[in-house]
Amino acid sequence: MMWGNWTIVNKFVLVGFSALSSELQALLFLLFLTIYLITLMGNVLIILVTTADSALQSPMYFFLRNLSFLEIGFNLVIVPKMLGTLIIQDTTISFLGCATQMYFFFFFGAAECCLLATMAYDRYVAICDPLRYPVIMGHKACAQLAAASWFAGFPVATVQTSWIFSFPFCGPNRVNHFFCDSPPVIALVCADTSLFELEALTATVLFILFPFLLILGSYVRILSTIFRMPSAEGKRKAFSTCSSHLLVVSLFYSTAILTYFRPRSSTSPESKKLLSLSYTVVTPMLNPIIYSLRNNEVKSALRRVIRRTLGPQKL
């Protein structure tokens, strides 16, 4: 459609992995479908086990349940459409569909950054101030921290998405990505986007870099406290309670920072897709695996849940 000298774009085309052969796309479909199902089952299992087992009612597992809910939402926003583009070549997405996908991508991404910082604060209080931990991290405080983490996604998602889709799109509608991320979509805008890009950089610093620095500061204090512990057993137990979270943070932030803080000219669209796959597809699958395999309490709780469900004679 034309309006004056502008072309009104009412749909976009997700380029995704269309440059690959149909055989490779079929293999990618099977791979991503397997990862998707493992992600859903793993995170649902974490939610069920930490809810059903009375031994996993501490703040750490309360926040872990929230992380699993976020990972499920993150995956539902991106992966089903990506699978559709691979198996049935349905590469088009409506204007509204693209805006909706971008909105929830921003929402879940910002919320996860804040929740990971909240989880680091929980570990900081547990290790550095254990006597006051039950008072500081009471039920009300945990609920408020979790709610604040979830709510943090709303302003960034609302401002970023509404601003981007208020710009005119004049013709080219091929998004060089497998989902509607802001950089490839904003590249299709035919207007001055410098003010938006400044705001986007500010939001990126606020919702990615600032939580990362809070996490980094928390772990500096945590490690300092652990190294001062007199017994090797105390050090081992203290480190085991935060090692899973530290690994999850490293996986998530390393790829996110490489994606959004590298200069545009130094990163090709294909490498950006690979980096995006890491934190949108692979990391949500690894989180429940990391927390279940590296955490003896979760493994013990899982055995107890299975025992109650199947009966001891079937174990």
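Position 1 is the first residue of the sequence, and the numbers go up from there.
No side-chain donor-acceptor contact under 3.5 Å links N66 to the backbone of L115. Using a distance-only test at 3.5 Å, with no hydrogens or angles considered, no donor-acceptor pair links the side chain of Q101 to the main chain of F179. Using a distance-only test at 3.5 Å, with no hydrogens or angles considered, no donor-acceptor pair links the side chain of D181 to the main chain of P183. For the pair T161 (side chain) and T158 (backbone), a donor-acceptor distance under 3.5 Å is absent. Between the side chain of D129 and the main chain of V125, no donor-acceptor pair closer than 3.5 Å is present.
Within 6.0 Å of the CZ atom in F95, the count of heavy atoms belonging to other residues, nucleotides or ligands exceeds 12.
In this structure the side chain of N287 never reaches within 4.5 angstrom of the side chain of S68, judged on heavy atoms. Taking 4.5 Å as the limit, every side-chain heavy atom of N10 sits out of range of all side-chain heavy atoms of S94. Under the 4.5 Å side-chain criterion, counting only non-hydrogen atoms from C-beta, M137 is in contact with L145. Proximity of Y279 to E112: side-chain heavy atoms (C-beta onward) are nowhere separated by under 4.5 Å. Between F210 and L214, the closest side-chain pair of non-hydrogen atoms falls below 4.5 Å. Residues I47 and T51 are in side-chain contact: their nearest non-hydrogen atoms beyond the backbone lie under 4.5 Å apart. For the pair T85 and Q25, the minimum side-chain heavy-atom distance is 4.5 Å or more.
Between T34 atom OG1 and M285 atom CE the span is 10.0 Å, to the nearest 0.5 Å. Taking OG1 of T280 as the reference point, atom CZ of F252 lies at 10.0 Å (rounded to 0.5 Å). One finds the CG atom of D122 at 10.5 Å from the CD1 atom of I136 (value rounded to the nearest 0.5 Å). Rounding to the nearest 0.5 Å gives a distance of 6.5 Å between OG1 of T204 and CD of Q160. The distance from the SG atom of C242 to the CE atom of M119 is 11.5 Å, given to the nearest 0.5 Å. Interatomic distance, T193 OG1 to I186 CD1, rounded to the nearest 0.5 Å: 5.0 Å.
Taking each heavy atom of C113 and P211 in turn, the nearest pair found is O-CB, 3.6 Å. The shortest heavy-atom contact between P134 and L131 is CD-O, 3.7 Å. When all heavy atoms of C114 and F207 are compared, the closest pair comes out as SG-CD2, 4.2 Å. Between H177 and S276 the shortest heavy-atom distance is NE2-OG, 3.2 Å. T50 and Q57 make their closest contact through O-NE2, 2.9 Å (heavy atoms, listed as atom of the first residue, atom of the second, distance). Residue I127 comes nearest to T225 through the heavy atom pair O-CG2, 3.7 Å, listed as atom of the first residue, atom of the second, then distance.
Side-chain polar atoms of N176 and K273 form a donor-acceptor pair below 3.5 angstrom. A side-chain donor-acceptor contact under 3.5 Å links S224 and R228. Side chains of T118 and S149: a donor on one and an acceptor on the other come within 3.5 Å.
For F12 and F169, the ring centers sit closer than 6.0 Å to each other.
Note: the hydrophobic cluster containing L195 also contains L188 (ILVMFWY, side chain heavy atoms under 4.5 Å, direct or indirect links). With hydrophobic clusters built from ILVMFWY side chains whose heavy atoms lie under 4.5 angstrom apart, V220 does not share a cluster with L213. A single hydrophobic cluster is seen to contain both L246 and M60, as judged by linkage of ILVMFWY side chains at heavy-atom distances under 4.5 Å, directly or through other members. L116 and I46 end up in the same hydrophobic cluster when Ile, Leu, Val, Met, Phe, Trp and Tyr side chains are linked at under 4.5 Å. M41 and L30 fall within a single hydrophobic cluster, where Ile, Leu, Val, Met, Phe, Trp and Tyr side chains are chained together by heavy-atom contacts under 4.5 Å.
Applying the ring-ring contact (aromatic ring centres under 6.0 Å, His included) test between F178 and each of F105, F17, F32 identifies F17 as the sole match.
The aromatic rings of F167 and W163 sit parallel to each other, their planes meeting at less than 30°, with 60° as the upper class boundary. By the 30° and 60° cut-offs, the orientation of the rings of F154 relative to F151 is tilted.
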Inset, instruction - Let me see the working for L286 and L251 under side chain to side chain contact (heavy atoms under 4.5 Å, CB included), right down to the final yes or no. - result: CA-CA 9 Å; L286 293 178; L251 288 170; 3.9 Å; yes
Inset, instruction - Evaluate the side chain to side chain contact (heavy atoms under 4.5 Å, CB included) criterion for residues I164 and V185: first the C-alpha distance (whole Å), next the side-chain angles of each, then the deciding distance (0.1 Å), finally the verdict. - result: CA-CA 8 Å; I164 288 175; V185 172; 4.0 Å; yes
